[in-house]
Amino acid sequence: MSKSLSSTNVQQGKTLLQNPFEFSDEQILDNVYRTHFHCVEKCDVASLHTVASCVISHSIEITDTVITKGSQLSDRFREDTTITSQQLTAKLKRIACQMVCTARGDHYAHHTTMLILEQLKAYSWDAKALIVQAAFALEYGKFLYLPLTTQYQMSEKSLADLNGLLMIQHNTQHLTFFNSVVKKVMQVIECITEWKRLTSAGYDIKDVPTLAETLHEIPVVVYWAIFTFVTCTGQIDDFTTDHKIHKHELSKNFENKLDLILRNFKEHLEMCGREIGRIEDYTRRKNIVIHTGKDIVKVLKALIISGENRESRQSVFNVLTGEQIKIEEFKKKHVLLFISGLDSIEEETLLLKSIYEKLKEKPREVEGYRKEDFKILWIPIVDEWNEERRKTLETKLQRTKFGWYVVKHFSFETGFKLIKEVFNYKERSIIPLISPEGRVENIDTKQIISVWGIDGFPFRTSDHTRLTQQWNWFWSEMTKLNPRIGDLIEEDRYLFIYGGTDAMWIQEFTTAVEKLKRVVDSISLQIDITIESYQLGREDPKVVPRFWIAIDSLLANRKQQMMKGGDQGVQDFATREIKRLLFLKQDPKGWVILSKGYNVKLLGQGEAMCLSVRDFGIWHGKLHEEVSFDVAFKEYYESIKVKDCPKKCEHSEISNYPTDILAHIPCPNMDCGRSMEVTSVNYRCCHGLEP
């Protein structure tokens, strides 16, 4: 009766009576999607899958035993695995009934499959497959589990008669193929549950692109799983009825189709697993770098050593010796991490070489930071390490041979992503400072090293702030006179600021510095040097006395602040430099200040400074030896100042100063430093004040 009803339904829906093996995946996807609504109905698919899988797995074991040993069921199948009535819902029974009553033939199975999908349209894709799996388990379990009851003591002959196992013995070949199909569809179900686990883990599709591909596959995979269960359920009756089994044998297309589905879907799931593994590895490494590292070695390993390629442990080299080293060599060290490409990095390598040489000079300790505890590590980053790039790297290492380290042929994709995110690397070179505890103390030390050199040691962000504040008094007064000065120092250019009362010297120096600009622009150097100049009072001579009055007042204010307990470090430095500037003012020729950005590199006497500028042709060779312009200039200036310019001590008239600061004023000339004689003091009337 049930089969006739099914036939009636088929006649009413002839358009659905098609052979699905003749469909393309796109056609199946189109048909199946029409049956799928939003997932509004819920069920405990995990429990359902566990029970159904248990039943089907044990059923497969039993049928395997029947095939190999006939009807001699082994005692190992006595486990109590019967399904309780609570677990068999009305929905499962209805679906199981539909599957049992489906007429034989692929087109009928397709019709029933579409009906079932329509009934389950409000369930998620995995729930659809698992509900039908459970309905199949209900029928499969009845077929093979009824002998495992208290009647087991019945003779083997009665047991076989009860469940039609005698008929099975005569059709073991068909049962073997049937078992093979069931095993494969169970593998499909396992893939579907794994897919559900991955899609429920909350990963972004952009990070797991293969997961997006599986979203288009899953409707087709679920369709074929349900179609297989429908067809196999109809086959169960054939094992217990005495008719020609070969008329309804499973099509060989099943194995081929399921094999294709499993191969493709498993491949995509494995790719998802690898992509998710990379995400989890990235998250773990990021936590080490940002939060949990607590050790420079762990942080560096997280950045440059991949889990798969342990040989990358040996990719760190000492550039000076050419030897491979272990990352443990950086333990308890501060690391200046130079991150860059291979192009246009001459200025940075020059800076780092200069810093390395200064670090190797006499020991120095600042707030617990020791120069000997600092190391420089270069991570060159390129898109692809082809032969040309490898040669370029070797050439640059040959040209910059000093005691720094390099990660050769860095190609660790996860490490590259970390560098971009953690250090905000955007193809422009950066030099982060990492402490021995793995803490980033300065996201980019390039500015402080470029502006202050070794004076910026230990190169923390706070050091740049401190040093900038030390010269704030000077730049504040200069920008008041000419706002363009502020632009020049922001651009980190070399700047000569000069002045004086000797008009002839002013003209000589102006001519010399203009010639210097042209010569520097014309010669080929490893780094670009931009030189600007500014003559105090050239546009408006009235600004000169205003400037010196302001500087004179600053000295008095600094003295008062020091007596009131101000910031002694900044105050001492500022006070000393103000005195030096006032001392330079007395030079009969003139005075010159050389700065690079905010960093005042040199306060020089007029005659020696003019000679140093004019003699650029004598000392410019040092610039080809990777010595910075200011260092080479200062070295030459100091050499001729000692030889050609006599030492001078300050002779100044002290006026408008509080008398309580006149006790000890040493000569600002650093070559003298002796206490000066007070020759003039002005007093201010204090009318109206209490004695």
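Values reported hereafter were calculated over all heavy atoms of this structure, with side chains retained and with hydrogens, waters and symmetry mates removed. Each residue takes its place number in the sequence, starting with 1.
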- [ ] Using a 4.5 Å cut-off on heavy atoms from C-beta on, say whether the side chain of K420 contacts that of K426.
- [x] no

Task: side chain to side chain contact (heavy atoms under 4.5 Å, CB included) between L211 and T199, worked out - done: CA-CA 7 Å; L211 207 55; T199 56; 3.9 Å; yes

TODO: Check whether any side-chain heavy atom of F423 lies under 4.5 Å from a side-chain heavy atom of V440, and answer yes or no.
DONE: yes

TODO: For this output row, return yes or no: ring centroids of Y223 and H110 closer than 6.0 angstrom.
DONE: yes

TODO: In plain terms, say whether D281 and R284 are close enough for a salt bridge, that is, a side-chain N and a carboxylate O under 4.0 Å apart.
DONE: yes

Task: Which atom of V185 lies closest to which atom of L258, heavy atoms considered - done: N-CD1, 4.2 Å

TODO: Look at atom CZ of R428 and say whether more than 12 heavy atoms of other residues, nucleotides or ligands are closer to it than 6.0 Å.
DONE: no

Task: Minimal non-hydrogen separation, A212 against H216, with atom names - done: O-CD2, 3.4 Å

Open item on the list: For the residue pair E413 / Y282, report whether a side-chain donor-acceptor contact shorter than 3.5 Å exists.
Closed with: no

- [ ] To the nearest 0.5 Å, tell me how far I419 CD1 sits from I339 CD1.
- [x] 4.5 Å

Task: Backbone of A109 reached by a side-chain donor or acceptor of T112 within 3.5 Å - done: no

Open item on the list: Nearest 0.5 angstrom please: L198 CG to Y203 OH, how far?
Closed with: 8.0 Å

Open item on the list: Taking E441 first and then R439, would you say they form a salt bridge - that is, a charged N and a carboxylate O separated by under 4.0 Å?
Closed with: yes

TODO: Determine whether I379 and L337 make a side-chain contact, defined as any pair of heavy atoms from C-beta on separated by less than 4.5 Å.
DONE: yes

TODO: Find the distance between CH2 (W195) and CG (L269) and round it off to the nearest 0.5 Å.
DONE: 10.0 Å

Open item on the list: When you compare the side chain of N264 with that of E217, does any pair of heavy atoms fall below 4.5 Å?
Closed with: yes

Open item on the list: I'd like to check K375 versus L336 (side-chain heavy atoms, cut-off strictly below 4.5 Å). Are they in contact?
Closed with: no

Open item on the list: Tell me if the aromatic rings of F330 and Y405 count as close, with their centers under 6.0 Å from one another.
Closed with: yes

TODO: First locate atom CG of L260, then atom CH2 of W224, and finally report the distance between them rounded to the nearest 0.5 Å.
DONE: 10.0 Å

Open item on the list: Pair S411, W385 - check side-chain hydrogen bond (donor to acceptor under 3.5 Å, both in side chains), show working.
Closed with: CA-CA 8 Å; S411 58; W385 283 104; 5.5 Å; no

Task: Distance-minimising heavy-atom pair for F338 and S429 - done: CE1-CB, 3.8 Å

TODO: Give a yes or no on whether the backbone of T414 and the side-chain of R278 come within a donor-acceptor separation of less than 3.5 Å.
DONE: no

Task: Salt-bridge criterion met for E194 and R197 (N-O under 4.0 Å) - done: yes

TODO: For Q119 and I95, work out which heavy atoms get closest and say how close.
DONE: OE1-CG1, 4.2 Å

Open item on the list: So which atom in F136 and which in C232 form the shortest heavy-atom distance, rounded to 0.1 Å?
Closed with: CE1-CB, 3.6 Å

Task: SB check E394 R389 (cutoff 4.0 Å) - done: no

Task: V316 vs Q324 side-chain heavy atoms within contact, under 4.5 Å - done: no

Open item on the list: For D383, is the CG atom crowded, meaning more than 12 foreign heavy atoms sit under 6.0 Å from it?
Closed with: no

- [ ] Determine yes or no for a side-chain-to-main-chain donor-acceptor pair under 3.5 angstrom, with K128 supplying the side chain and Y123 the backbone.
- [x] yes

Open item on the list: Looking at R285 and L303, would you say the former's side chain and the latter's main chain have a donor-acceptor pair under 3.5 Å?
Closed with: no

TODO: Could you check L300 against L377 for side chain to side chain contact (heavy atoms under 4.5 Å, CB included), going step by step and ending with a plain yes or no?
DONE: CA-CA 10 Å; L300 292 178; L377 174 64; 4.1 Å; yes

- [ ] Would you mind checking if K331 and D295 are paired as a salt bridge, meaning a charged N to carboxylate O distance below 4.0 Å?
- [x] yes

Open item on the list: Could you tell me if the side chain of W125 sits less than 4.5 Å from the side chain of P219, heavy atoms only?
Closed with: yes

Open item on the list: Between K391 and E388, does the salt bridge (Lys or Arg N to Asp or Glu O under 4.0 Å) criterion hold? Intermediate values first, please.
Closed with: CA-CA 5 Å; K391 288 181 179 178; E388 181 183 354; over 6 Å; no

Open item on the list: Taking the side chain as everything from C-beta on, heavy atoms only, tell me whether E190 gets closer than 4.5 Å to K266.
Closed with: no

TODO: Check for a donor-acceptor pair, side chain of E437 on one end and backbone N or O of I296 on the other, with a separation under 3.5 Å.
DONE: no

Task: Nearest non-hydrogen partners of A129 and I189, listed with the distance - done: CB-CD1, 3.9 Å

Open item on the list: I'd like to know if the side chain of D444 and the backbone of I431 have a donor-acceptor N/O pair within less than 3.5 Å.
Closed with: yes

